[in-house]
Structure formats: C-alpha cells, structure tokens
Amino acid sequence: MRQPLVAGNWKMNGTRWEAESLAKAIKASEPDPAQVEVLVCPPFTAIDCVGEILKGSAIRYGAQNLFWEKSGAYTGEVSGEMLRDLGCRYVILGHSERRQYFGETDEVVVKKYQAAKRAGLVPVVCVGETESERAAGQTEAVVGRQIQALLQAADPQTWQGTVVAYEPVWAIGTGLTATPAQAQEVHAFLRRQLAAFDEAAAQCTRILYGGSVKADNAAELFAQADIDGGLVGGASLNAEEFLKICAAAAGA
Ligand SMILES: O=C[C@H](O)COP(=O)(O)O
C-alpha cells in the first residue's frame, strides 16, 4: 500500500511574506497525515521561513533543485547538504522547466539524484514528453529513456523512498490535463520499468502525476491504479484549491 503524496511546486513565485501566508493557510487545515502526505516546495528564498511556519506539523517541505557538489566555487548554486541544513526532506529534480530553460540532460539529472541521496534528501524525479513527441507516438520512448538513465545509475539498495513524477510537458500550466486513461497508461509503463529494475521498487515507489492538476480533476486522476498523488504547480499557490487536491488524494 503506497501512501498518497501531494506535492506543491511553488516554482519562482512569492515573496517571503506571501510564502508564509500560504504555508500558514495550508497548515491551518492540515490534512490527516495518515491519509495523505503533503509536501510544499517553495523557492530557495522562502524555504527557511516556510520551515519555521511548518514546525510541529506533518507537512513536509523541500526544494525545487540542487547542485551535485557539496560545496565549492559554484557561484549561484545550492547543494543538497545546504538543503538538509534548512530542514528540507525532499527535492524536485529534472523538472521539464529545468530541462528546457537550463539545459538539464538525463546525465545531469542522474548526478543530482546521486547528490540528493548522498545528502539524505528524497528525490522527486520528473519525466515527461512534449506535445510533438506525443503526436509522433514517442511518449514511451522519451519517458523510457529518461527513467532508464536514472535506473541504470541507481542502486536498488538505496532507491527506497525515491518518488517519480510523470509530467507531460504539454499539460504543464496549459490547462490541458492528460485524461486519467492517458496518465494511467504512462504510469503503468513507468511501473513496469521499475519492476525490471527491482520488484520491491515497483511496489513501493510513488508515481505522481503533474500537469494542470486542479481540485475538479484530481479525484479521477488519483483513482487510477498507478497514480499515487500529484505534483501540483499553479493550483498549489492557492491554499483552498491545494487542500481540496490533498483531500482528493486522501480519499483515493
Ligand atoms: O511541478 C508542477 C508541474 O509543472 C505542473 O504545473 P501546473 O500544475 O501549473 O500545470
């Protein structure tokens, strides 16, 4: 039995004051942690203050990226060890926006995965195809390449906890959600890849869906057998909407 996880990716949004207000509002109506695990990933600048707000709560917080070295002359970068020092439990890796705007390759994502594990962070590794790749019938080829790059470098002994997020690029921030059937098909494909890597990993790994998840479509997505929660962008910036999505996961 996999515990549902709903993760809010706040992306590059919000002042510290706005982040505090959002965290307070989510904490005020905190979902039952026995039913759903809730994670928020503020921008680096707000991690510390959100962590303070969330003290005493079961809501987890994490980051949206890291650099793979522990420390050194890497201007502008932040290491996994620094994130742990801030109390982060999770880190999102390989988001399509990082692949698209910052040139992150599968190789870079693997290095970041290994750095997250070294630092004791739980990686949330994102995969997903573009609209043209889907139209060309390449969804499994693209998503398969992305997950295989990771699995070939990973060790089943240390995989435990790792979260995978399927985010079709064409559904991110567009209002176009994959249908539950489309999402389930890719999630089942990913779970088969995990089974070939390690049967226990296939059973335990939470595979989240991301891409225009909203309160009104969350329940039918989360009802799919291989969808274990969501990675939520825009809708995670509104506490009421985000909490409804968490409630949908709790009830799945
Ligand atoms: O990380 C979250 C995803 O990019 C989804 O974003 P969205 O919910 O705004 O489509």
Side-chain angles (χ1 to χ4, degrees), residues 4-14 18-19 22 26 36-44 46-47 50 59-66 83 88-102 104 109 112-113 116 121-131 133-134 139 142-143 146-147 150 162-180 182-183 186-187 190 206-222 224 227-249:
L5 170 65
V6 176
N9 176 6
W10 295 359
K11 305 193 179 182
M12 194 178 74
N13 289 295
E18 287 166 334
L22 182 53
I26 296 169
V36 58
E37 185 177 4
V38 178
L39 165 67
V40 295
C41 296
F44 284 137
I47 289 174
V50 166
I59 299 169
R60 308 292 191 202
Y61 60 96
Q64 303 168 18
N65 184 30
L66 56 64
L83 297 175
C88 288
R89 295 280 188 102
Y90 286 84
V91 62
I92 298 169
L93 299 177
H95 191 283
S96 63
E97 287 150 15
R98 297 218 53 88
R99 295 179 191 258
Q100 180 182 351
Y101 300 125
F102 303 97
E104 289 197 4
V109 176
K112 292 188 172 193
Y113 167 83
L121 292 164
V122 177
V124 179
V125 183
C126 304
V127 298
E129 82 288 1
T130 62
E131 189 171 20
E133 288 163 342
R134 174 164 280 264
T139 298
V142 171
V143 169
Q146 293 169 334
I147 194 77
L150 180 65
T162 301
V163 176
V164 174
Y166 169 56
E167 296 207 318
V169 179
W170 48 271
I172 296 175
T174 60
L176 290 174
T177 316
T179 65
Q182 281 175 324
V186 180
H187 281 235
L190 287 166
R206 291 179 292 185
I207 308 178
L208 310 184
Y209 169 79
S212 297
V213 175
K214 310 279 180 221
D216 61 7
N217 61 24
E220 56 177 354
L221 285 162
F222 299 161
Q224 302 299 307
I227 301 183
D228 305 309
L231 179 54
V232 186
S236 72
L237 296 172
N238 177 306
E240 194 184 346
E241 178 89 2
F242 184 64
L243 286 163
K244 284 183 186 166
I245 294 169
C246 296

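We use all heavy atoms of the structure for the numbers below, so side chains are in, but hydrogens, waters and symmetry mates are not. Counting starts at 1 for both ligands and their atoms, in listed order.
- From the protein, the heavy atom lying nearest to atom 9 (O) of ligand 1 is Gly234 N, 2.8 Å.
- Here Tyr61 pairs with nothing under the ring-ring contact (aromatic ring centres under 6.0 Å, His included) rule; sequence neighbours left out.
- A donor-acceptor contact closer than 3.5 angstrom is absent between the side chains of Glu133 and Trp170.
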In sequence, state the C-alpha distance, the side-chain angles, and the governing distance for Trp10 and Ser236, and then conclude on side chain to side chain contact (heavy atoms under 4.5 Å, CB included).
-> CA-CA 7 Å; Trp10 295 359; Ser236 72; 3.3 Å; yes

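- For atom 8 (O) of ligand 1, the nearest protein heavy atom (residue, atom name, distance) is Gly233 N, 2.9 Å.
- Remark: ligand 1 and Gly173 share an N or O pair separated by less than 3.5 Å (distance only, no angle test).
- Using a 3.5 Å distance cut-off with no hydrogens or angles, the side chains of Glu167 and His95 do pair a donor with an acceptor.
- Numbered from 1 in the order shown, with element, the atoms of ligand 1 that lie under 4.0 Å from a heavy atom of Gly211 read 5 (C), 10 (O).
- Using a 4.0 Å cut-off between heavy atoms, Ile172 contacts ligand 1 through both its backbone and its side chain.
- Checked by distance only, ligand 1 and Lys11 come closer than 3.5 Å through their nitrogen or oxygen atoms.
- Ligand 1 has no atom lying under 4.0 Å from any heavy atom of Ala235.
- Under 4.0 Å is where a charged nitrogen must lie from a carboxylate oxygen, and between Glu104 and Arg99 no such pair does.
- Nearest heavy-atom pair, Gln224 versus Pro180, reported as atom, atom and distance to 0.1 Å: NE2-CB, 3.4 Å.
- For ligand 1, the atoms lying closer than 4.0 Å to a non-hydrogen atom of Asn9 are 1 (O), 2 (C).
- Listed by atom number, the atoms of ligand 1 under 4.0 Å from His95 heavy atoms are 1 (O), 2 (C), 3 (C), 4 (O).
- Contacts between Ala171 and ligand 1 below 4.0 angstrom, taking non-hydrogen atoms only, involve the backbone exclusively.
- Ligand 1 places these atoms under 4.0 Å from at least one heavy atom of Ser212: 7 (P), 8 (O), 10 (O).
- Around CZ of Arg89, the count of heavy atoms belonging to other residues, nucleotides or ligands within 6.0 Å does not exceed 12.
- Sorted by first then second residue, the salt bridge (Lys or Arg N to Asp or Glu O under 4.0 Å) pairs that include residues 206-222, not counting sequence neighbours, are Glu37-Arg206.
- Scanning the protein heavy atoms around atom 2 (C) of ligand 1, the nearest turns out to be Glu167 OE2, 3.1 Å.
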